[in-house]
Amino acid sequence: MTLTDTYLMDPHYRPDLIEPAAQQAWEATARFRATETAAGSDARPKYYCLSMFPYPSGKLHMGHVRNYTIGDVLARFHRLKGFNVLQPMGWDAFGLPAENAAIAHQVAPAAWTYSNIDYMRGQLKALGLAIDWSREIATCKPDYYRWEQWLFTRLFDKGIIYKKMATVNWDPVDHTVLANEQVIDGRGWRSGALVEKREIPMYFFRITDYAEELLSGLDELPGWPERVKTMQRNWIGKSFGVEIHFPLTPRHQAGEPVLKVFTTRADTLFGVTYVAVAAEHPLAQQAAATHPALAAFIQECKQGSVAEADMATMEKKGMATGQVVYHPFTNAPIPVWVANYVLMGYGEGAVMAVPAHDERDFAFAQRYALPIKAVIQPAEGALPLPLTAAYCEPGVLFDSDDFTGRASQDAIAKIALVLKNTQLGDRRTTFRLRDWGISRQRYWGCPIPIVHCPTCGDVTVPASQLPVVLPENVVIDIGSPLKKMPAWFNCACPKCGGAAERETDTMDTFVESSWYYARYASPDCDTAMLDARAQHWLPVDQYICGIEHAILHLLYARFFHKLMRDEGLVPCNEPFTRLLTQGMVIAETYYRDLGEGKKQWLNPADVELCSGVWVLKADGQPVIHGGTEKMSKSKNNGVDPQAIIDQYGADTARLFMMFAAPPEQSLEWSDTGVEGAHRFLKRVWKMVFEHLEAGAVSAHFGGMRSSNEQAIRRQLHQTIAKISDDIERRQQFNTAIAAVMELMNALAKLDASNAARALRQEALEAIVLMLAPIVPHITEALWTALRPGTQLLDHAWPTVDASALVQDEIELMVQVNGKLRGKITVAADADTASIEAAALAHADAQKHMEGRPAKKVIIVPGRLVNIVA
RNA sequence: GCCGGGAUGGCGGAAUCGGUAGACGCAGCGGAUUCAAAAUCCGCCAUUGGUGACAAUGUGGGGGUUCGAGUCCCCCUCCCGGCACCA
């Protein structure tokens with residue numbers, strides 16, 4: 001049964017009737033099922049449109065609605081443009097919130113997750129998304145993570161995954177590892193205990209092996225926003241510098257121990273006044289053995305979180321170890337300090353400090369009264385001594401032995417060469433990017449397919465024994481239940497058959513989201529990770545995700561794609577050809593102060609403006625307006641998408657989302673804006689209804705049109721051109737909708753003549769088609785009304801009639817000295833001389849020229865004339 | 001702290017490649033319709049001065065480039081995203 005059979009034109013817009021009917025019709029006829037086409041049977045080009053899958057947190061939030069509406073607009077637009085579209089959906093189902101919910105509500109993470117998925121699937125369907133639901137995946141299901149484990153074992157055996165010690169946040173009261181977000185002001189969120197750093201063994205992906213390709217690959221992504229590429233470039237952080245060895249003894253012989261540092265400013269080597277090492281550095285540990293105060297300081301450094309933002313903003317502290325190293329050129333002794341800002345896991349865990357030419361070293365030297373020795377001066381002009389701030393620019397060396405007088409760049413090369421000859425260093429390229437640690441001491445994640453055997457060591461689980469299934473029926477308290485389940489972790493070693501134990505850590509959930517886009521192509525394949533269908537659909541033509549994923553998720557997915565490529569699983573180098581990063585959905589916040597820094601956050605729906613003061617509806621007492629912030633549970637400023645769908649329908653929600661702001665900007669929620677969107681849809685409905693009430697007309701009118709009708713028809717075809725460009729190239733939907741609104745306003749001024757009615761039919765058909773990607777339900781109903789017996793989804797995107805765009809006369813602005821003074825109307829093909837004459841003859845222009853002759857006349861074709869007087 | 005972005009009427013935003021600042025919508029005001037209201041339709045709506053034509057000012061702040069700057073360059077302020085275990 002089609003919509004035509006179930007729906008008759010009603011004078012009132014009824015989304016509550018239209019939307020379920022349209023959705024049922026799409027589902028019944030499998031309208032959005034994507035099929036890989038055998039050669040020749042379908043000439044349509046493929047378009048794989050992917051919105052980032054949601055974490056099944058409980059219910060949809062507005063950020064999801066925005067993300068999926070953007071994806072759906074692009075998917076439906078390309079469908080009308082003749083593409084074979086794939087738009088899938090699934091669930092990023094592993095993660096920390098399920099464990100938190102398990103503790104809070106005494107429910108197993110699996111059960112909680114599956115019930116959330118069922119509810120949210122219903123919500124997504126109510127949004128009317130053109131999704132191929134037959135490809136739905138959930139990352140917590142063994143048939144998904146089995147292949148992740150399979151790839152893990154391949155990579156482990158290839159050496160791309162390895163094990164090493166890494167630092168984590170340790171809660172000494174709960175005896176558990178904390179995520180960075182679970183550390184608040186240096187304390188565990190549940191226990192309140194001061195968090196400590198602890199070293200534990202973890203598995204790592206060698207993403208640094210791919211650093212060069214991840215960097216250069218960005219140049220092959222013209223469809224990515226420049227800012228995302230810039231952030232990734234800076235994150236990878238390729239830098240060219242010099243590794244310098246500081247001997248530990250004054251009469252150093254080749255091969256004896258040295259302290260290694262890396263610097264991009266080897267030209268400042270003669271300005272080194274101390275070296276700083278991390279608390280965990282062997283030199284520091286050694287010194288601490290006989291130095292109680294130093295041991296205490298090192299202990300202090302181990303407090304606090306491991307988050308880089310915390311490390312960078314904390315107070316810079318240090319202590320002298322009493323040890324010295326020797327300058328590789330002058331052999332002068334240099335004191336070794338321990339500093340809390342030097343990270344062991346980063347570079348060599350030691351840095352050379354040049355206070356005169358580095359801001360951070362300068363501040364540290366001032367604090368601890370360390371010497372500041374300047375060795376670089378500007379190429380022109382002198383350095384003001386003594387320094388009041390570090391001079392960080394490159395320049396010319398002085399007080400630097402043989403290197404004095406050389407420019408920085410030149411000196412770096414020369415110093416590196418001499419160091420190389422004396423075996424005390426060399427040129428080196430480093431990356432800021434670190435290897436990706438994927439071990440998590442948590443339950444609700446993909447088990448790491450490793451068996452620890454006392455004789456064979458770490459052994460990968462053979463493919464025939466995969467998946468290593470995560471038990472779902474568990475009771476959660478603090479810490480992972482896997483570590484308390486001997487029946488689960490005791491096993492036989494796959495190699496020697498002896499008694500062994502499974503790894504109880506699970507993988508970072510970023511691993512699942514790094515390859516899901518590929519699995520949508522082969523969602524039901526049970527013989528391989530991917531099959532031939534992946535060759536057909538990949539790469540993703542359009543990916544849509546939040547800007548917050550600009551670095552980690554998108555970099556990991558690019559990395560995984562290259563891993564899969566090197567396994568022969570995918571045909572291309574990059575996963576996402578074009579990327580759109582959407583902004584957040586924000587809303588007003590309101591609160592009451594409860595004292596002691598505590599606030600009671602009130603939902604905007606429960607607050608109203610009463611004679612200029614915000615009050616709570618319930619008690620009429622004033623509340624404080626806290627500004628607009630990202631919709632969140634903690635600020636209680638979320639608007640439930642379900643409530644909007646129930647009250648106005650999905651089309652209104654979608655229209656508001658697309659109209660209120662361009663997709664990359666943050667979007668401010670507005671109840672009156674939603675009403676405005678709804679009002680517009682009612683207007684469109686009414687205009688079509690009234691047009692059809694007056695009887696059938698043909699869009700193909702051969703008679704004369706008035707000049708007004710010609711102008712409106714020109715506007716119609718300009719609008720078609722603009723909207724096509726707005727959606728396809730600019731991906732800016734708010735201006736596309738505004739253009740339709742303008743066209744509607746113009747159309748409202750047409751009369752009831754045959755010519756006008758024919759034009760109205762043509763325009764309404766085009767409007768309905770152009771709005772279809774944004775508001776698919778109402779437009780489907782209106783189309784069947786305008787063109788009985790046909791369906792919108794079988795129709796093509798409207799085309800521009802070039803002959804309608806022709807204009808005889810155009811209007812030009814007239815400026816005098818850059819200020820607007822009037823307008824002139826000239827023939828569209830007027831030559832420069834006549835335009836200039838017309839502008840100079842303009843009375844207001846002459847007035848402002850005040851009798852001065854025109855020195856110059858600038859004509860911008862089709863736009864303006866500027867008279868310089 | 002570091003990296004990336006943003007700031008335009010009462011509000012959301014438009015101005016796409018340096019060329020009419022404020023499209024479109026929201027709110028507000030005035031009118032039509034109505035017994036009345038809602039809904040709907042029409043009109044006005046940057047600021048200041050002026051009855052008006054018009055003039056001056058105006059895109060976070062300061063400076064610069066240009067015939068011309070919301071747009072480009074330099075400096076500053078505030079806000080947002082990310083910082084490797086939130087997803």
Side-chain angles (χ1 to χ4, degrees), chain A residues 52 54-55 57 92 95-97 168-169 177-183 225-228 230-235 237 305-314 316 341 359-360 432-442 508-510 513 546-553 555-556 581 583-584 586 627-630 656 659-662 664-677 679-680 682-683 686 722 725-726 729-730 732 734-735 737-742 745 748 811-820 823 844 855-858 860 862-869:
Chain A
M52 189 172 188
Y55 178 79
S57 56
D92 189 10
L96 207 46
V168 294
N169 301 308
V177 175
L178 298 177
N180 283 333
E181 71 155 9
Q182 297 174 315
V183 180
E226 210 50 55
R227 60 174 166 158
V228 174
T230 305
M231 281 190 263
Q232 291 212 350
R233 278 189 196 103
N234 292 339
W235 183 262
S305 92
V306 298
E308 195 192 281
D310 294 332
M311 300 294 285
T313 49
M314 72 188 173
K316 309 288 181 289
Y341 63 86
E359 273 175 42
R360 194 168 59 176
R432 203 187 78 96
L433 181 69
R434 312 200 290 264
D435 276 341
W436 176 16
I438 53 107
S439 295
R440 297 291 180 268
Q441 298 69 44
R442 307 192 197 293
D508 181 358
T509 56
F510 270 127
S513 57
I547 184 64
E548 67 274 19
H549 296 295
I551 297 174
L552 293 180
H553 165 60
L555 191 67
Y556 292 149
T581 49
M584 299 175 306
I586 58 178
T628 51
E629 296 202 49
K630 179 178 176 169
F656 170 73
F659 181 62
E664 306 231 271
Q665 279 181 38
S666 60
L667 180 149
E668 191 176 322
W669 186 261
S670 154
D671 290 331
T672 53
V674 174
E675 283 165 31
R679 193 149 54 219
F680 173 71
K682 284 197 283 188
R683 249 189 113 188
K686 196 174 152 198
K722 177 180 170 53
D725 185 53
D726 276 353
R729 180 180 63 86
R730 299 214 298 154
Q732 187 166 289
N734 55 331
T735 48
I737 295 164
V740 178
M741 289 174 168
E742 283 182 79
N745 291 344
E811 197 174 52
L812 296 178
M813 300 303 120
V814 178
Q815 293 183 338
V816 176
N817 293 330
K819 286 199 175 187
L820 183 67
K823 299 170 189 180
D844 287 326
K855 285 185 213 149
K856 197 153 106 179
V857 179
I858 292 152
V860 182
R863 288 202 177 264
L864 58 74
V865 184
N866 186 17
I867 301 162
V868 185

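Chain identifiers are assigned alphabetically (A, B, ...) following the order of the sequence lines, protein sequences preceding nucleic acid strands; residue numbering begins at 1 within each chain. Note that the coordinates shown come from a computational prediction; the quantities given were computed from them, not determined experimentally.
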Student check: side-chain heavy atoms of A:Trp436 and A:Phe510 closer than 4.5 Å: yes
Integer angstrom distance from the C1' of B:C3 to that of B:A84: 13 Å
Touch class at under 4.0 angstrom, heavy-atom based, for A:Pro662 against every strand present: sugar-phosphate
Along RNA chain B (nearest heavy atom to each residue), the more 5'-positioned of A:Ala660 and A:Met813: A:Ala660
Any A:Ile867 side-chain heavy atom under 4.5 Å of A:Asn817 side chain: no
Watson-Crick/G-U partner (both atom distances under 3.5 Å) of B:C83: B:G1
Along RNA chain B (nearest heavy atom to each residue), the more 5'-positioned of A:Leu864 and A:Tyr55: A:Leu864
side-chain N/O A:Lys819 vs B:U57 OP1/OP2, d < 4.0 Å: yes
Separation of the C1' atoms in B:U59 and B:A69, to the nearest angstrom: 11 Å
Closest non-hydrogen atom pair between A:Val228 and A:Thr581, with its separation: CG2-CG2, 4.0 Å
For B:U40, the Watson-Crick or wobble counterpart (both distances under 3.5 Å): B:A32
Considering only nitrogen or oxygen atoms on both sides, find all protein atoms under 3.5 Å from nucleotides 21-29 of chain B and state each distance.
unit_1 : atom_1 : unit_2   : atom_2 : d
B:A23  : O2'    : A:Glu742 : OE1    : 3.1
B:A23  : O2'    : A:Glu742 : OE2    : 3.2
B:G25  : OP1    : A:Asn745 : ND2    : 3.4
B:C26  : OP1    : A:Arg679 : NE     : 3.2
B:C26  : OP1    : A:Arg679 : NH2    : 2.6
B:C26  : O2'    : A:Thr672 : OG1    : 2.6
B:A27  : OP2    : A:Arg679 : NH2    : 3.4

Base paired to B:G9 (Watson-Crick or G-U; both N/O distances under 3.5 angstrom): none
Donor-acceptor pair (no angle test) under 3.5 Å: A:Arg729 side chain, B:U16 base: yes
Nearest-angstrom distance, C1' atom, B:G62 to B:A7: 16 Å
Distance-only polar pair, side chains of A:Thr735 and A:Asp726, donor-acceptor under 3.5 Å: yes
Nucleotide nearest A:Glu548 when distance is taken to its side chain, options B:G19, B:G81, B:A84: B:G81
Proximal nucleotide (of B:G81, B:A87, B:U16) relative to the A:Arg730 side chain: B:U16
Touch class at under 4.0 angstrom, heavy-atom based, for A:Gly546 against every strand present: nothing
Same-atom distance (P) from B:A23 to B:U8, integer angstrom: 16 Å
Distance between P atoms of B:A46 and B:C11 (Å, rounded): 13 Å
Nearest-Å distance once atom P is located in both B:C54 and B:C75: 43 Å
Syn/anti state of B:C17 by chi, 90° boundary around 0: syn
Whole-angstrom distance between B:A27 and B:C41, as gauged at atom P: 13 Å
Protein proximity profile, nucleotides 3-9 of chain B - base contact B, sugar-phosphate-only contact S, no contact -, cut-off 4.0 Å on heavy atoms: SSS----
Assigned partner base of B:G52, Watson-Crick or wobble definition, under 3.5 Å: none
Heavy-atom donor-acceptor pair, A:Gln182 side chain to A:Ala179 backbone, under 3.5 Å: yes
Chi class for B:G25: syn within 90° of 0, otherwise anti: anti
Watson-Crick or G-U wobble mate for B:U57, both contacts under 3.5 Å: B:A46
Between B:G4 and B:A55 - P atom distance, rounded Å: 45 Å
A:Arg730 backbone acceptor or donor facing A:Asp725 side chain under 3.5 Å: no
